[in-house]
Amino acid sequence: MTAKIRTRFAPSPTGYLHVGGARTALFNWLFARHHQGVFVLRIEDTDQARSTDKSTKAILDAMAWLGLTWDEGPFFQAQRVGLHREMVQKLLAEKKAYYCTCTTEELEEKRKKALATGEKPKYDGTCRDKNLSKTQNSVVRFRGDLTGTTVVKDLIKGNITFNNEELDDLIIERGDGYPTYNFAVVIDDALMNITHVIRGDDHVNNTPRQILLYQALGFAVPQFAHVPMILGSDKARLSKRHGATSVMAYKDMGFLPEALVNYLVRLGWSAGDQEIFSLPELIDLFSLEAVGKSPAIFNPDKLMWLNAHYIKEAKTDRLAEELRSFWPATAKSADAEFTKKVIADLQPRSKTLIEMASFADFYFADTINYENEAGQKFLTPDIAEYLSAVAAEIPQIEDFSKAGLEVFLRDFTEKRNIKFKVIAQPLRIALTGKTVSAGIDEVMFTLGKERVVKRTIAAISYIEKKK
RNA sequence: GGUCCCAUCGUCUAGUGGUUAGGACGCUGGCCUCUCACGCCGGAAACCGGGGUUCAAGCCCCCGUGGGACUACCA
């Protein structure tokens, strides 16, 4: 019986949750769920200068919106410095670490010089064997092996071998007494019994150092899985200039969380030819073996397509809820039944919630403004008689359903021996003010007798006034 | 510069030695039709290059080339 699988997502609270981090979180979450394991959330806030509570909250909100629920945490790394310092002392006592008094300036100069002469810009070991004691601004460095190799057994990339001589003596405790990332992450992952570290592949070069730390501390080394990065359209690391990178920005732009999740999971992972996945399906199908090795470019068009798909599939009740913050002011007081019909009309033709809301304005408006030249072009004197007839006959209709209206409209045109085309656009303009909308029968049904009559009459007087 | 990673249509990807190289987004032709979408049918579009191994290579190996990451008292 193998131990229960435990994964973690460990963002640093120095900004919002971006899509790359979200995908990493998603993979961790799916892997844990698939194996009935535990998903831990840990906030890496040891950078006192850059970490903020606001960012922490933003990240938690984004996780919640995506539905990535965590089983343990959030733990805050900064609250665990006691543990980290204990471990530093342990390594110091065992001579596996040492105090270093080189200043940042000295180090910077050496680095520049090394770079200039084409040498390795790694720490030169000045203090390694001086056996120094703690001083005002001293740091603690890990005493790494100078020889041998360390191999990272990566579940995605395979075995990666590093020569230990390439690894320098990294700082594990800073001058301010706080641990550095590479040290704290090892302690925390070990103490939280993380079995699988799934993270971005920008961490692969850190991994051998971390493995050496696990070993020095006597901890079991977890399994690693480094997922490729998400790039922008120019193949550079995804950043703001490629468009929105914040998860919550997508919420604000009218995206559904399941669309983002579905899009993100397919960036680097696949299951045959399948494109659409429900959450239960993902949990069932997800595996690290199926994660690709190469980086992926973020493609907003495909995300948009998925969003349109999920809007089409969504229950109207649910969309009514999601649309709350997007509706025009006039829609806020509309009754729920009417609103749901409006949503049903718009669902098949909306790519985002924002698009849906902005297109919906005419349903809720008291008076219709005819867009551009639409009124001028379609509301002409020769069709006034038809509009009058419509206004007169509508109240008589017994079956005011979509099907009933279809019959009504067909009879209406047949009786007058005209093509439906003759009245379609004028009627559309009269009812919606636009040249583009859902079908006439759908719009009429949604609007209801009263509004249809009122708007038709308004169109007639518009024509009258034009004369 | 050094170390490490990566390489199939424009993009996301399927493919694990023998395929007309498949699907999806986008693009595009058509159908449907009251407009716009949806939907349906069709099309253009890819194995980075060079060497090997093999009867046979997109798949394996090597070398290039290109891209990326790391190289902090950031995470």
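These numbers were taken from a predicted model, which means no experiment stands behind them. Chain identifiers are assigned alphabetically (A, B, ...) following the order of the sequence lines, protein sequences preceding nucleic acid strands; residue numbering begins at 1 within each chain. Only this structure's heavy atoms are used, side chains among them; waters, hydrogens and symmetry mates stay out.
With both pairing distances under 3.5 Å, B:A24 is matched to B:U11 as a Watson-Crick or G-U wobble pair. The pairing partner recorded for B:U53 is none, the criterion being a Watson-Crick or G-U wobble arrangement whose two distances lie under 3.5 angstrom. Pairing of B:C70, defined by two Watson-Crick or G-U wobble distances under 3.5 Å, is identified with B:G2. Across every strand in view, B:U35 sits unpaired, with no contact that passes the Watson-Crick or G-U test at under 3.5 angstrom. In this structure, B:C40 and B:G30 make a Watson-Crick or G-U wobble pair, each of the two defining distances being under 3.5 angstrom. B:A45: no Watson-Crick or G-U partner with both key distances under 3.5 Å is found in any strand.
Residue A:Ala438 is classed as a base contact, given a heavy-atom separation below 4.0 Å to a base. Among the protein residues, A:Lys122 comes within range of no part of the nucleic acid, since none of its heavy atoms lies under 4.0 Å from any strand. Among the heavy atoms of the strands, none lies under 4.0 Å from A:Gly200. Contacts of A:Cys100 with the nucleic acid, taken as non-hydrogen atoms under 4.0 Å apart, are absent. Within the nucleic acid shown, A:Gln425 comes within 4.0 Å of sugar-phosphate atoms alone, with no base atom in reach, counting heavy atoms only. Nucleic acid contact class of A:Asn163 (heavy atoms, under 4.0 Å, all strands): none. When heavy atoms are screened at a 4.0 angstrom cut-off, A:Leu267 is found touching the sugar-phosphate backbone but no base atom. A:Phe162 comes within 4.0 angstrom of the backbone, heavy atoms only, and of no base. Within 4.0 Å of A:Thr104, counting heavy atoms only, lies at least one base atom of the nucleic acid. Looking at heavy-atom distances under 4.0 Å, A:His226 makes no contact with the nucleic acid at all. Contacts of A:Pro121 with the nucleic acid, taken as non-hydrogen atoms under 4.0 Å apart, include base atoms.
Taking the P atoms as reference points, B:C41 lies 12 Å from B:C25, given to the whole Å. Remark: the separation of the C1' atoms in B:U19 and B:U8 is 14 Å, to the nearest Å. When the C1' atom is used for both B:U33 and B:C38, the distance is 12 Å, rounded to whole Å. Taking atom P on both nucleotides, B:G10 is separated from B:A44 by 15 Å, rounded to a whole Å. Using atom C1' as the reference point in both B:G15 and B:A7, the two lie 15 Å apart (nearest Å). To the nearest whole angstrom, the two C1' atoms, one in B:A24 and one in B:C70, are 34 Å apart. Taking atom C1' in both B:A57 and B:G39, the straight-line distance is 41 Å, to the nearest Å. Separating the P atom of B:C60 from that of B:A37 is a span of 44 Å, rounded to the nearest Å.
Between A:Glu393 and A:Arg416, at least one side-chain nitrogen of the basic residue sits less than 4.0 Å from a carboxylate oxygen of the acidic one, meeting the salt-bridge criterion. Salt-bridge annotation for A:Lys57 and A:Asp61: present, with a side-chain N of the basic residue lying under 4.0 Å from a carboxylate O of the acidic one. A salt bridge links A:Arg241 with A:Asp234; the closest basic N to acidic carboxylate O contact falls under 4.0 Å.
Here the C1' atom of nucleotide B:A24 and the CG atom of A:Leu303 are 14 Å apart, to the nearest Å. Straight-line distance from the CZ atom of A:Arg111 to the P atom of B:C70: 15 Å, rounded to whole Å. Rounded to whole angstrom, the span from the CD atom of A:Glu44 across to the C1' atom of B:A72 amounts to 16 Å. Look at CG on A:Asp188: it is 12 Å from P on B:A75, rounded to the nearest Å. Rounded to an integer number of Å, the gap from CG of A:Leu264 to C1' of B:U13 is 15 Å. The interatomic distance linking A:His84 (NE2) with B:A75 (P) rounds to 11 Å, in whole Å. Between the C1' atom of B:U71 and the CG atom of A:Leu107 lies a distance of 13 Å, rounded to the nearest Å. In this structure, A:Ile311 places its CD1 atom 18 Å from C1' of B:G39, rounding to the nearest Å.
Comparing A:His203 and A:Asp234 along RNA chain B, the residue whose closest nucleotide (by nearest heavy atom) sits nearer the 5' end is A:Asp234. Where A:Ala296 and A:Ser437 each meet RNA chain B at their nearest nucleotide, the meeting point lying more 5' is that of A:Ala296.
Nearest heavy-atom pair across A:Leu267 and A:Ile297 is CD1-O, 4.2 Å.
Each of B:G26, B:C73, B:C70 was ranked by its minimum atom distance to the side chain of A:Trp305; first place goes to B:G26. Counting only heavy atoms from C-beta on, A:Asp301 has its side chain closest to B:C25 among B:G23, B:C6, B:C25. For A:Ile297, the side-chain atoms get nearest to B:C12 when compared with the rest of B:A37, B:A69, B:C12. The side chain of A:Ser270 lies closest to B:A14, out of B:A14, B:C25, B:C4. The side chain of A:Arg266 lies closest to B:U13 when the candidates are B:U13, B:A75, B:C5. The A:Pro295 side chain lies nearest to B:C6 when the options are B:C6, B:C5, B:C25. Taking the side chain of A:Thr46 as heavy atoms from C-beta on, and the options B:C73, B:A75, B:A69, the nearest nucleotide is B:A75. Listed nucleotides: B:C34, B:A24, B:A75. Nearest to the side chain of A:Ala424: B:C34. Distance from the side chain of A:Arg237 is smallest for B:C70 among the nucleotides B:C70, B:A75, B:A37. The side chain of A:Asp273 sits closest to B:G22 out of B:C4, B:G22, B:C34.
A donor-acceptor contact under 3.5 angstrom links the side-chain atoms of A:Asp441 to the base of B:C34. Taking 3.5 Å as the limit, the base of B:C36 and the side chain of A:Arg349 contain a donor-acceptor pair of atoms between them. Counting distance only, with no hydrogens placed and no angle test, the side-chain atoms of A:Glu275 and the base atoms of B:G23 include a donor-acceptor pair under 3.5 Å.
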| task | Decide side chain to side chain donor-acceptor pair (under 3.5 Å) for A:Thr352 and A:Asn307; before the verdict, give the C-alpha distance in whole Å, the side-chain angles of both, and the deciding distance to 0.1 Å. | result | CA-CA 7 Å; A:Thr352 68; A:Asn307 201 49; 5.5 Å; no
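Contact between the side-chain N/O atoms of A:Lys312 and the OP1/OP2 oxygens of B:C38 is not found at any separation under 4.0 Å. One finds a side-chain N or O of A:Lys421 lying less than 4.0 angstrom from the OP1 or OP2 phosphate oxygen of B:U35.
The ring-ring contact (aromatic ring centres under 6.0 Å, His included) test with A:Phe277 is passed by exactly one of A:Trp269, A:Tyr263, A:Phe286: A:Trp269. The salt bridge (Lys or Arg N to Asp or Glu O under 4.0 Å) test with A:Asp168 singles out one residue from A:Arg209, A:Arg143, A:Arg128, A:Lys122, and that residue is A:Arg209.
Between A:Phe224 and A:His226, the two ring planes are parallel [angle under 30°; tilted spans 30° to 60°].
Of the possible donor and acceptor atoms, one in the side chain of A:His242 sits under 3.5 Å from a partner among the backbone N and O of A:Ser239.
Under a cutoff of 6.0 Å and an axis angle of 45°, A:Arg85 and A:Tyr178 form a cation-pi pair.
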